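So that the names make sense, note that chain A is the first sequence line, chain B the second, and so on, each numbered from 1. What you see below is based on every heavy atom in this structure, not just the backbone, and it leaves out hydrogens, waters and symmetry mates. Note that this is a predicted model, so its numbers are computed, not measured.
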Amino acid sequence: MAGGGRTINVLNVAEKPSVAKAVAAILSRNQGLRVRDGRSRYNKIFEFDYAIRGQPCHMLMTSVTGHLMELDFEDRYRKWHSCDPADLYQAPVRKIVPEDKMDIKRTLDEEARRCQWLVLWLDCDREGENIAFEVIEVCRAVNHHLVLRRARFSALIDREIHQAVQNLVDPNQWFADAVDARQEIDLRIGASFTRFQTMLLKDRFCIDSATDDRNLVLSYGPCQFPTLGFIVERYWEIQAHEPEEFWTINFTHRSDESIATFNWMRGHLFDYTCAVIIYEMCVQEPTATVTKVRQQEKLKYPPYPLSTIELEKRASRFFRMSSEQTMKVAEDLYQSGFISYPRTETDCFSVRTDLHAMVQEQQGHPVWGSYALRLLDPGTGLWRNPSGGGHDDKAHPPIHPTKFSSGESRWSQDHHRLYELVVRHFLACVSQPAVGAETTVEIDVAGELFSASGRVILARNYLDVYRFESWGGSVIPSYAVGQQFIPTTLTLDSGVTRPPPLLSEADLLSCMDKAGIGTDATMHDHIKKLLDRFYATKDANTRFSPTNLGEALVMGYDDMGYELWKPNLRSTMEYDMKEVSIGNKSKAEVLANCLQQMKACFLDARVNKVKLLEAMAIFFERSNADEHHAAGEIVRQCGNCLESNMVLRKNRDGNFMVGCMAFPQCRNAVWLPGSVSEAIVTSNICNSCNPGPVYLIQFKFRRHEIPPGFDVNHLGCIGGCDETLRQLIEICGTGSRNPAGGRGATTTSNNVRQSDTRQRACIYCQQTGHSSGDCPSQFSGSRNAHSHGTNLQSGESSIPCTSCGTPCVLRTANTANNRGRKFYSCQSQECNFFLWEDDINNGTRGRSIPRGSASNPGRRGGRGRGGQTGGRGADTTFVSATGDPLSGRRCYVCGDPSHFANACPNRGT
DNA sequence: GCAAGGTC
């Protein structure tokens, strides 16, 4: 770039009007800056003269508003019935400027024609780079000779902007490619699954949530579904929770000064007897000896500078504002100049930011003005340079006030609240942390350790301005090591574990942030979409529950074994995009790979659509239109409800069954041997079974799973006449599973969710249709799993363990909650099967309890996995707080010193 | 009538 020469026209394009204005003001130093309208009313054109490396330039500075183009399928694939949704994985796509962006395009067309250079001032992230190429495409189309240059800047600060324009670079194709790939994948997956599940389910079920079901769309998207997944997963976790009683010892001590509450350092025990024994020891020797007194200064730090997600989370927590409303109000405050750009990941201020000036602006405020004054007074020592949270999007600063206001007349309550939050948060960030003095005291009572702590606030500092947070103080008496005293109260108290709460909006945003679902600018959109699509609801406490529709969809895909509702898919895509953006992988390679996998997944989901239909049928009535869609091959008429047909189905785990189509109203089912690898309904009819016709099924068994003498191919009948099938069911068992706990059993709704009409299964063979009392497998001789290997005494009640086949013995519980209640427990050392006797009559098939949680016979797996469940902290291992076994003590049940009562094998007999 | 990402 040689200096001097003729003046050239330079078209500068920013991502949004505010950036165009700011850059123009900085570069022109407000000297000779002219403004005129373009074709779009929002996107003004600024004009000024400037020299780039000595080259005199007439600068035209304008903007777009985000993406200029949209990706969509070519016209002939746009109509929903125009093609098979599977075709959308290779249907041609194109980028076009949508109608509402045409006026911006016209401005660019007109201005680009008369310019020699195009300088791109888009945000310096991947999306910005992609928008840069959209602008290039539009401008180059009207002017092939344009010289293309990219300005790289990380903040709208004088030095940064001048430096950027003097050091122009090339646009980064890799960054733009990564976004192209993301757009295409999102479009193809979203459109194919949305069309598929909408067309599959909408007319088959009476979905009552929609007011007008002609417009009902059951959308699928790689961000909205994982977001729904978080809500459903937590909901299932709550459903699966079984309260457990626990016991804890509380100790208080009152002195002249105050009262101290000492917490048991074991936390709590689930074994009542163990707790009682320890409690009795404490009662017998109640003298407490102080073993430790620790005094510490504790600091409570102010929050990091405000990013979008934190703004949304805090507005939700402090004001119960929805993230959508927060962003709407923040946008308005930004547009009118009161706060900085509200979509930012950055949570640290640049060292060049003039923080003092920002604080000075606030000193006239009637409420927090005096705090601002104290901050500015070096004598108070209140000022502290803010620390950062380590995030920087290199495009925008943290959200902070940009203009003083003591409240505008047109502001709504939410405007007032949000502006106040932004200002107080900012003032807190540049303040000293609160200081407290904490005292922790540990005492020993009969070998048991207890602790208590107190806190005195020494300096509130930032808490004076950040009224949304508090830090409680509490006073306890003074203690000295070796001091002894007698408790004021010493009690054994019970409590129960509680399930975790439903996800709040702040929780949901955290989950999304952690899993990389959405961006700061779109997270609230995804949450809103779930509400708009009737997939979830939000209560007055900002907590989310899935609707029947949302739960059914997730359940359907879960039953298929797919994690389409989990965040992994998005994370993988994000990883691939990163690879494209740094040149490790090509766009074509990532697209081909991802789309091939997703198409296979789509085709597979379509084969297994019966899972979605079954899940929907749990919650919704079938509509008349469904008559034509049999979800399987008909085997016979149902002999139970006499209304519907029995059809052959394959489960997620690959096992076959024949079930009534009226499920869940009718739960008649015949489970087939677990060794079946293939099953096809034939047109052959059984000659002996009634009422007919009963169509024969061509089975293929896995060779290594059936005994010698049986053929791998078998033309069988499920009507009851088939001896071979009956024997194989006895030998190999069936593929049926214990229905997972925690879903569909407890919530009520006006939809069909039939927990109480569940047909009970026989505990021996797990078939429905008969009870355990008349199970045919009980009389069929030597192949019975439970007839061998027994060492039961005669007359002792037993059942076979449905987990491992070893006989279970009947025992009597001796815990506080269940004293006297009988239960079966498996005799095998390797198996943890457990079943309450009275549950047998409820159709429960028992459960296995994890090793090492001896006092926890009731926890059910459920669908909820991972994450914390409420309350269960300490296990019941009988060791002291230091980890040493309590010396000299023995199991109180059997006297054996090698273990304690909680691990005693004889406990409860 | 589908996605998610920009932004007004």
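If you check every strand for non-hydrogen atoms under 4.0 Å, A:D72 touches a base. A:D123 comes within 4.0 angstrom of the backbone, heavy atoms only, and of no base.
For A:Y341, the side-chain atoms get nearest to B:dT7 when compared with the rest of B:dT7, B:dC2, B:dC8. Listed nucleotides: B:dC8, B:dC2, B:dA3. Nearest to the side chain of A:D186: B:dA3. With B:dC8, B:dA3, B:dA4 as the choices, the nucleotide that has an atom nearest any side-chain atom of A:S219 turns out to be B:dA3. Comparing atom distances between the A:T198 side chain and each of B:dG5, B:dA3, B:dG1 picks out B:dG1 as nearest.
By the side chain to side chain donor-acceptor pair (under 3.5 Å) test, A:E74 pairs with no residue at all, sequence neighbours left out. With sequence neighbours excluded, no residue forms a salt bridge (charged side-chain N to carboxylate O under 4.0 Å, His left out) with A:E70.
For the residue pair A:Q325 / A:H524, no side-chain donor-acceptor distance below 3.5 Å is found, with atom types taken as modelled.
In terms of phosphate contacts, A:R570 brings no side-chain nitrogen or oxygen within less than 4.0 Å of OP1 or OP2 of B:dA3. The phosphate of B:dA3 has neither OP1 nor OP2 within less than 4.0 Å of any side-chain N or O from A:Q183. Close to B:dA3, at under 4.0 Å from its OP1 or OP2, lies a side-chain N or O of A:K529. Residue A:T522 has no polar side-chain atom (N or O) positioned under 4.0 Å from OP1 or OP2 of B:dA4. At B:dC8, one or more side-chain N or O atoms of A:R343 fall inside 4.0 Å of OP1 or OP2 (strictly under the cut-off). Using a 4.0 Å cut-off, no side-chain N or O of A:H526 falls inside it from OP1 or OP2 of B:dA3. Here A:R78 does not reach the OP1 or OP2 of B:dG1: none of its side-chain N or O atoms lies under 4.0 Å away.
Side-chain to base pairing of A:T194 with B:dC2: no donor and acceptor N or O lie closer than 3.5 Å to each other.
Note on A:E137 versus A:R94: no salt bridge recorded, every NZ/NE/NH1/NH2 to OD/OE distance being 4.0 Å or above.
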